[in-house]
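Each remark here refers to the structure printed beneath this line.
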Amino acid sequence: KAAIVSAAGRLGELDTRAGPGCLISMGKLSIVAHLLVQLHSAGIEDSIRRTLPSEVYKKLEIQFMQLGNDCLHVNSLRQAKEFFKPDERFLICMANHIFDPTLIQKMACAPLQAGAEEAYALVETDFVGMVGVPATIYKVRLHRQDLQDVRAVQITTELMALDNADGVCAGLFACNYTVFDKVDALASGEAVYFTMADVLAGYVTSFPSSLHCMTTDKKVWFAAETKDTLAYAISNGLRDIGIISDDSKWLQDGAFDFEGKPIHTGPVGQAKWPGGSDWSSFSVERWRNAVYVTTKYFGELCEDTIKFIVEIAKQIKLRGESVSLVEVGCGTGEFVYPIADHFRVAIGVDFNANFINFCMSQMRGDKMRFVHGNAAELVSLMKQTAPAHIWTDTKIVGCVGNTMGIIPVWLKPKIYQQMKELAGPKGIVIIVYWNAAWFGDACQNFYHANPQLCGPFTGEAIDLSSTTLTTPPPVCYRSHWTGVEEARKILRENQMEEIIVEERGKGVLVAARVLPDSK
């Protein structure tokens with residue numbers, strides 16, 4: 001009669017600087033408070049989570065842990081291990097999920113043996129057309145030979161596996177102490193990031209699988225992971241979940257963030273699945289998954305990039321000039337946020353509207369701007385959207401994090417030309433490439449170890465002579481890594497004068513200016 005409720009995780013679409021998505025208020029309680037009340041209703045007496053609202057103190061015997069700033073869901077499981085004895089069984093659930101209490105009771109009564117190497121997962125088989133499905137939802141394939149004991153033969157987060165799936169995980173698991181052994185085994189390996197799906201995959205390595213699946217049987221559950229799911233819940237999806245009895249209008253006022261501000265979700269969207277290398281429709285969650293793994297592998301380079309840009313900005317200001325920043329391919333603002341205060345204005349540009357909407361929701365202060373548009377029309381875009389003072393400021397126009405490495409070859413000359421033109425004769429163009437000298441290591445320890453970034457691939461996808469990875473369909477991910485001499489060649493071809501071109505660990509850092517007679 002115990003549960004681990006994990007609020008640890010990477011930032012998602014509904015997480016803001018005001019607080020995590022699980023603290024969004026729906027009706028009279030936050031999402032995590034609803035979950036805790038449901039656990040209590042289902043007979044769960046003890047829960048563990050990172051923080052909790054005061055409304056539920058009297059409902060449960062609760063122990064909680066502060067896990068720090070760099071703790072994700074599976075890491076939180078390792079920390080929770082000390083609360084359990086080897087012969088105990090318990091539930092694991094996500095803090096941003098809501099369940100019909102009968103589903104919790106069903107999972108709590110799963111015939112799980114205390115010492116057996118097995119686990120149970122709650123699975124939704126009626127998932128076609130689900131609204132706001134995040135790209136990283138856990139997909140499962142089922143073996144249905146025994147309808148009284150359905151088991152998973154595969155569980156994965158692979159991006160393009162939904163069409164081949166028999167169901168998706170609903171975020172509720174019944175486990176025993178063996179789950180901690182699975183987590184410890186993965187943590188001692190080489191992967192820089194792994195998920196609960198990877199943990200559960202340890203139960204499907206033999207046949208028959210020891211990962212049992214219980215279906216939702218059309219009972220209601222909800223995951224607050226995207227604005228589409230939140231909008232659907234508010235409009236009609238959770239009216240009958242039974243959290244507040246006899247009140248079909250319990251969500252009529254909508255949802256509110258941690259500060260009590262209304263969350264504007266817009267109209268309910270349609271279920272979407274981001275396809276392959278269509279970067280314009282890449283989801284925020286999928287991008288931030290990639291950002292987390294990238295930061296783990298490129299941690300020093302990320303810090304070096306920030307220092308590199310800030311130092312150049314300081315040198316410009318020492319000359320008595322105002323300086324503004326424009327970043328091409330800003331993603332979800334990973335580089336704009338930490339350096340914005342060093343500039344008169346810092347503008348992030350991306351052609352993915354999902355990213356820009358996310359950046360706008362996170363923005364604080366008046367030194368940041370985020371613009372949705374095509375970098376191939378960068379100058380025109382800035383004339384339409386940027387504050388007037390940037391045209392008299394000295395401008396740093398940057399493209400970092402190997403964004404240039406994934407831009408199509410045919411488009412790169414146009415992007416370079418637009419960056420040059422925007423920087424102007426007194427501006428600086430900064431480009432940070434991933435270092436070709438590290439390409440072989442990255443294929444093994446970055447890409448191959450994390451197929452959720454680029455899809456699975458074999459040696460045929462690797463071109464060592466050109467330091468380029470091109471993964472097969474359906475993902476079709478392409479990334480080129482650049483060396484020092486190639487970077488210098490690019491500057492010459494685009495009529496830019498080298499200021500700095502240097503290797504810095506896994507990166508090549510470039511600063512250049514426009515030649516006076518270039519066009």
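Atoms considered below: every heavy atom in the structure, side chains included; atoms not considered: hydrogens, waters and symmetry mates.
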Quiz item: cation-pi between Lys506 and Tyr297, 6.0 Å / 45°: yes

Evaluate the side chain to side chain contact (heavy atoms under 4.5 Å, CB included) criterion for residues Glu502 and Val484: first the C-alpha distance (whole Å), next the side-chain angles of each, then the deciding distance (0.1 Å), finally the verdict. CA-CA 7 Å; Glu502 64 178 45; Val484 168; over 6 Å; no

Main-chain N/O of [Y] paired to [X] side chain as donor or acceptor, under 3.5 Å:
| X | Y | value |
| --- | --- | --- |
| Asn445 | Ala442 | no |
| Thr467 | Leu464 | no |
| Asn352 | Phe355 | yes |
| Lys367 | Asp341 | yes |
| Ser465 | Asp463 | no |

Going by ring-ring contact (aromatic ring centres under 6.0 Å, His included), name the residues that satisfy it together with His480, two or more places apart in sequence or in a different chain.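 Applying ring-ring contact (aromatic ring centres under 6.0 Å, His included) to His480 gives none.
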
Can you say whether the rings of Trp481 and Phe298 are parallel (under 30°), tilted (30 to 60°) or perpendicular (over 60°)? tilted

Enter the distance from [X]:[atom1] to [Y]:[atom2] here, rounded to the nearest 0.5 Å.
| X | Y | atom1 | atom2 | value |
| --- | --- | --- | --- | --- |
| Ile428 | Thr394 | CD1 | OG1 | 8.0 Å |
| Ile356 | Asn354 | CD1 | CG | 10.0 Å |
| Ser324 | Leu422 | OG | CG | 10.0 Å |
| Ser322 | Phe343 | OG | CZ | 12.0 Å |
| Tyr433 | Asn402 | OH | CG | 9.0 Å |
| Cys359 | Glu334 | SG | CD | 7.0 Å |

Distance alone, cut at 3.5 Å: any donor-acceptor contact between the side chains of Thr471 and Tyr447?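 Their side chains do not contain a donor-acceptor pair, so the 3.5 Å distance test is not met.
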
Side-chain donor-acceptor contact under 3.5 Å, Glu311 with Gln315: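 Their side chains do contain a donor-acceptor pair, which is all the 3.5 Å distance test asks for.
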
Any non-hydrogen side-chain atom of [X] less than 4.5 Å from a side-chain atom of [Y]?
| X | Y | value |
| --- | --- | --- |
| Met419 | Cys399 | yes |
| Cys302 | Thr305 | no |
| Thr470 | Tyr477 | no |
| Phe335 | Cys330 | no |
| Cys169 | Ile155 | yes |
| Val409 | Arg478 | yes |
| Ile309 | Val400 | yes |
| Arg513 | Ile499 | yes |

Is there a side chain to side chain contact (heavy atoms under 4.5 Å, CB included) between Val429 and Tyr416? Walk through the geometry before answering. CA-CA 9 Å; Val429 173; Tyr416 285 127; 5.9 Å; no

Considering all heavy atoms of both residues, which atom of [X] and which atom of [Y] are nearest to each other, and what is their separation?
| X | Y | value |
| --- | --- | --- |
| Arg141 | Asp166 | CA-OD2, 3.3 Å |
| Ala313 | Val323 | O-CG1, 4.1 Å |
| Thr392 | Lys426 | O-NZ, 3.1 Å |
| Ala423 | Lys395 | O-CE, 4.2 Å |
| Ile347 | Ala386 | CD1-CB, 3.8 Å |
| Ala487 | Thr482 | N-CG2, 3.8 Å |

How about Trp434 and Phe439: are their ring centres within less than 6.0 Å of each other? no

Report the C-alpha separation of Val168 and Val123 in whole Å, then their side-chain angles, then the decisive distance to 0.1 Å, and conclude whether the side chain to side chain contact (heavy atoms under 4.5 Å, CB included) test is met. CA-CA 6 Å; Val168 296; Val123 172; over 6 Å; no

Can you give me every donor-acceptor pair (side chain of residues 369-382, partner residue at least two apart or in another chain, under 3.5 Å) with its distance?
unit_1: His372; atom_1: NE2; unit_2: Phe351; atom_2: O; d: 3.1
unit_1: Asn374; atom_1: OD1; unit_2: Ala376; atom_2: N; d: 2.9
unit_1: Ser380; atom_1: OG; unit_2: Gln384; atom_2: NE2; d: 3.1

Evaluate whether atom NZ of Lys412 has more than 12 neighbouring non-hydrogen atoms of other residues, nucleotides or ligands under 6.0 angstrom away. yes

So does Glu460 have more than 12 non-hydrogen atoms from other groups sitting under 6.0 Å from CD? no

Give the C-alpha distance, both sets of side-chain angles, the deciding distance and a yes or no for side chain to side chain contact (heavy atoms under 4.5 Å, CB included) between Met368 and Tyr337. CA-CA 8 Å; Met368 286 181 278; Tyr337 294 129; 3.3 Å; yes

Going by salt bridge (Lys or Arg N to Asp or Glu O under 4.0 Å), name the residues that satisfy it together with Glu498, two or more places apart in sequence or in a different chain.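 Arg488.
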
